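Values in this document were obtained by computation on a predicted structure and should not be read as measured data. Throughout, protein chains are lettered first and strands after them, A, B, ... in sequence-line order, and every chain is numbered starting at 1.
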Amino acid sequence: MLSIENVNTWMNLFSEQLLEKKTYLSELDTAIGDGDHGNNLARGAAALKEKLADNEYETLTDLLKDIGMVFVSKIGGASGPLYGSAFISMAKASKENEELDLAGLLEAGLDGIQKRGKAVAGEKTMVDEWIPVVDAVKENSLTPEVIEEAVAKTEQMKATKGRASYLGDRSIGHLDPGAMSSSYLFKTMIEAGVYDG
Amino acid sequence: MLSIENVNTWMNLFSEQLLEKKTYLSELDTAIGDGDHGNNLARGAAALKEKLADNEYETLTDLLKDIGMVFVSKIGGASGPLYGSAFISMAKASKENEELDLAGLLEAGLDGIQKRGKAVAGEKTMVDEWIPVVDAVKENSLTPEVIEEAVAKTEQMKATKGRASYLGDRSIGHLDPGAMSSSYLFKTMIEAGVYDG
Amino acid sequence: MKKIINEPSAVVDEMIKGMVFAYDGLIERLPETNVIHRTHSHNGKVGLVSGGGSGHEPSHAGFVGKGMLSAAVCGEVFTSPTPDQILEAIKVSDEGNGVFMIVKNYSGDIMNFEMAKDLADMEDISVDFVVVDDDIAVEDSTYTAGKRGIAGTVLVHKILGAAAEEGASLTEIKTLADKLVPAIKSIGVALTPATNPEVGKPGFDIGDDEIEFGVGIHGEPGYRREKLQPSKDLAAELVHQLKKEFQWSADEEYALLINGMGATPLMEQFVFTNDVHQLLAQDELALSFKKVGDYMTSIDMAGLSVTLVKLEDPKWLAYLNAPVTTISW
Amino acid sequence: MKKIINEPSAVVDEMIKGMVFAYDGLIERLPETNVIHRTHSHNGKVGLVSGGGSGHEPSHAGFVGKGMLSAAVCGEVFTSPTPDQILEAIKVSDEGNGVFMIVKNYSGDIMNFEMAKDLADMEDISVDFVVVDDDIAVEDSTYTAGKRGIAGTVLVHKILGAAAEEGASLTEIKTLADKLVPAIKSIGVALTPATNPEVGKPGFDIGDDEIEFGVGIHGEPGYRREKLQPSKDLAAELVHQLKKEFQWSADEEYALLINGMGATPLMEQFVFTNDVHQLLAQDELALSFKKVGDYMTSIDMAGLSVTLVKLEDPKWLAYLNAPVTTISW
Ligand SMILES: Nc1ncnc2c1ncn2[C@@H]1O[C@H](COP(=O)(O)OP(=O)(O)O)[C@@H](O)[C@H]1O
Ligand SMILES: Nc1ncnc2c1ncn2[C@@H]1O[C@H](COP(=O)(O)OP(=O)(O)O)[C@@H](O)[C@H]1O
Ligand SMILES: [Mg+2]
Ligand SMILES: [Mg+2]
Ligand SMILES: [Mg+2]
Ligand SMILES: [Mg+2]
């Protein structure tokens, strides 16, 4: 069930998780990027927790928009505009269609990411986490295993977008940090009961 | 016996010795100075060998003056002006008194060093090698042991002149590099037969 | 990590404070942002904005001032700044005739600067930009994020800055930029990795006797790892790569920038410069502009890069030589 | 030793070649010497000569040019240049009204520059000099070679250079120098030692978590070794030492130079600058001149120094701000 309350819970759980996994995410990024993914998201997470604690929301749209703006303005790097665009896109979609379900919302989020970053499936980015999750939510078959499998699959991919693409074949054998952080997003989504398939 | 020929031999032997001990002298200087004494003297030695090979000398004065000029213009640092002044001082003394013996000559050299560097006995410098040697030459009692003892004594001295003085008490326990290089000067002087006491 | 810092996460803020204190006549910090802008009077020139992750000092704030940048946006270390910050830089730089942005070719930078442009559009500020991708270590293919922007970017700041100072319009600057950027090529070599203070350890591993050709300014991998070799040989390899790209012939006119990565002393930079000079002189290039020093660093990386600009237009040389008032040009 | 060099013994020669190639409009090398002199036209000003061992780049050649030094003599690395070379620098700098030498207080430098002065006297060139001893890490006692000359020397170049440019006579410059030098005090801290290329290994040993307060620019020992600590604490210690010496009170006017030792990136220098600023602001000093960067380095040492000049004469500030044409000011 999608509600202001459980999206709020979701985002708090996601933020906690990002802060907890900060070092791990940066380590993943050290292997194939520039080692800042955990620190970038931790800045976003800290700001988001504050934002949510300080505000009451009347509509889901307002809440999603604020989440997007915090991500855009606090994370930086590649992941900031991407996570930011995802939530701003969701906010727009929820405004256009108040009856939109979670699948529709996440689809809009994925669309926002792909419009911004131009990545398609198989390029070893967070998109490779989002696509299978969105599909599973549509089919009402999302489980933690689906989420974990998707991130695990990035290990064997060769990066052709983002900083990891400079490694060419050497990017193979490492998990994508952005896919990993997105896996936290979706796991906490289940935990918070936003997905109750 | 002091002759143009054996001073020439002396300087070639001294140069050879400096080139051979370059690393060792720089190591001594690393402990209490800036690690360049061996390199500095090696530049002087290489230039001196060339100079002596390229020139014939009519007078001891000319020879001593050239040695001094090579040292002054090739060594640099503190030891360049000091070794240079020693030999220029000897050249002057030999010009003023053609009958001057080795003791008188070395005394003039020591005087040149002290006028230039203002160091007195016990300050852990090359002067602590020169003073006992000049005394021994005067008394006709110079031996390799005298030379070695003098340099060994610098180990227990505390430096109050030159770069080593910045170490204060920590300079104690190390041989003075300049005293060591001067010990080579005097040992090769014996070898070359310049001192035949 | 042995660094003169306090809280690693406060490095950028404290660095900006130090910079603004030290050069208070020249630059100012826009309150509550990480934007540094110039103090000299506004007079209707096109504004020039650059920026990116911090860690490349003196880039970009060191080039803010009369004749170069209007403002620089300082992101977190090695992390693109965010669109809201870039928007503030655009606003403070706008003198009524639009703002031109110089963006280095990294996914993060491009996305954030593009978003900022969208925001500026909504505020009716004309914004255009160029993406600098001078690093020839990376092949420009659909399989990578494309060539990276490195030290050549500083020369773009200089040339566009002089044009803006001369009163060029936004369209003229865009035309100039689009012609200039393809004429700039750079390539680097690293001896040691940089340590991002927030990460706390070196960005990559490299042996005590190894070097890496083509490393990026955030420690992105290069094209080949070899044993340490004399400066002459490093110069030969880097010049060889540049020659392959430019396919130059005798008497062609170039500008040269030898750029230190942060921990390589000037002594080494000048020794290397001499070796590069020998090689370029052999090929009889006319080097009418030369500069050596730390311009686009990678925190405390040891290494350097060589940039050449084919001076296709005589104006470019005049622009390179035009006087500026900045901290670091 | 991981360095971008060729033959270690050729470093100085090749570095000079690189420098002269890169800045050929500004400086020239006197044939067959290691003397770098300025190209700008001679017009009867007092010549200004400085120099010393190499390894302190951009000192001293980086400060040769209009408004600063007439010539710089580059010794071997960390080794005073020889009198014959200094004499050549004196001769090329003499415009008929004498030459003033700025000498750092090291036994070797003093002896070599004094010998050069003697040689110049014989050629009827009036030469005078000042010995800079700004490093307060060393006590000035009869038990040492005295306080060392470090980064403050660059400010002596600047102030005397502006005075010479203004047409001050040799005597006036000597008077100015004698008043100025005691008003300059510096103190540094090192994180890592320098490696002289000819020696091939670090000048001293220091733990990965240790720093040394008061290290000299040739790796001479400092006054205390401690564990690595935040920038704030380093600043507090160094400012404390300076305060003890100056015994300053509120509203006194000072110039500030934060100097990087060669391998410390600007990022750290500016963080540290911010900490120094906080402390000096607490004491309400008027800091009317500030500068941050690599000015007097120790090859690849990581560390920095703080220099303060008590601006006892308003002219000094004007001299600091006077325009120059040099590589590195
Ligand atoms: N074009 C893109 N599309 C989708 N995701 C991308 C793209 N570029 C990068 N990413 C994601 O961003 C992650 C890196 O984010 P981060 O480290 O925060 O930024 P940066 O690469 O600028 O340092 C990657 O692991 C990848 O998942
Ligand atoms: N004032 C002085 N008088 C006599 N000898 C001195 C003096 N200062 C230094 N020395 C000698 O010079 C030696 C160091 O020479 P060197 O390393 O070549 O020069 P620098 O100290 O300039 O690096 C010392 O070991 C010492 O014997
Ligand atoms: Mg990253
Ligand atoms: Mg020495
Ligand atoms: Mg990044
Ligand atoms: Mg020396």
Rounded at 0.5 Å granularity, tell me how far [atom1] in [X] sits from [atom2] in [Y].
X: E220(C); Y: I32(A); atom1: CD; atom2: CD1; answer: 12.5 Å
X: S73(A); Y: L87(C); atom1: OG; atom2: CG; answer: 12.0 Å
X: K147(C); Y: Y166(A); atom1: NZ; atom2: OH; answer: 11.0 Å
X: D36(A); Y: S80(C); atom1: CG; atom2: OG; answer: 10.5 Å
X: S107(C); Y: R163(A); atom1: OG; atom2: CZ; answer: 7.5 Å
X: M115(C); Y: R116(A); atom1: CE; atom2: CZ; answer: 4.5 Å

Are there more than 12 heavy atoms of other residues, nucleotides or ligands under 6.0 Å from atom [atom1] of [X]?
X: K65(A); atom1: NZ; answer: no
X: D54(A); atom1: CG; answer: yes
X: E123(C); atom1: CD; answer: yes
X: K22(A); atom1: NZ; answer: no
X: K92(A); atom1: NZ; answer: no

Is chain C contacted by the side chain of A164(A), its backbone, both, or neither, given a heavy-atom distance below 4.5 Å?
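A164(A) has no heavy atom closer than 4.5 Å to chain C.
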Check whether any side-chain heavy atom of M111(C) lies under 4.5 Å from a side-chain heavy atom of K118(A), and answer yes or no.
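Result no, sub-4.5 Å side-chain heavy-atom pair not found.
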V199(C) pairs by side chain to side chain contact (heavy atoms under 4.5 Å, CB included) with which of T23(A), D29(A), T30(A), D34(A)?
T30(A)
Between E76(C) and K74(A), does any NZ, NE, NH1 or NH2 come within less than 4.0 Å of an OD or OE carboxylate oxygen?
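Salt bridge flag = no for E76(C) with K74(A).
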For chain A, the option from V138(C), D109(C), T82(C) that forms the most heavy-atom pairs under 4.5 Å:
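Most pairs with chain A among the choices: T82(C).
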Within the side chain of S165(A), is there an N or O that forms a donor-acceptor pair under 3.5 Å with the backbone of A145(C)?
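Here the side-chain-to-backbone pair exists.
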Is it the case that the side chain of N112(C) and the backbone of G76(A) share a donor-acceptor pair, with hydrogens and angles ignored and the cut-off at 3.5 Å?
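No: the side chain of N112(C) does not pair with the backbone of G76(A).
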Heavy-atom proximity to chain A below 4.5 Å, by part of N105(C)
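For N105(C), the backbone is the part near chain A, not the side chain.
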Residues T79(C) and G77(A): closest non-hydrogen pair is CG2-N, 3.2 Å
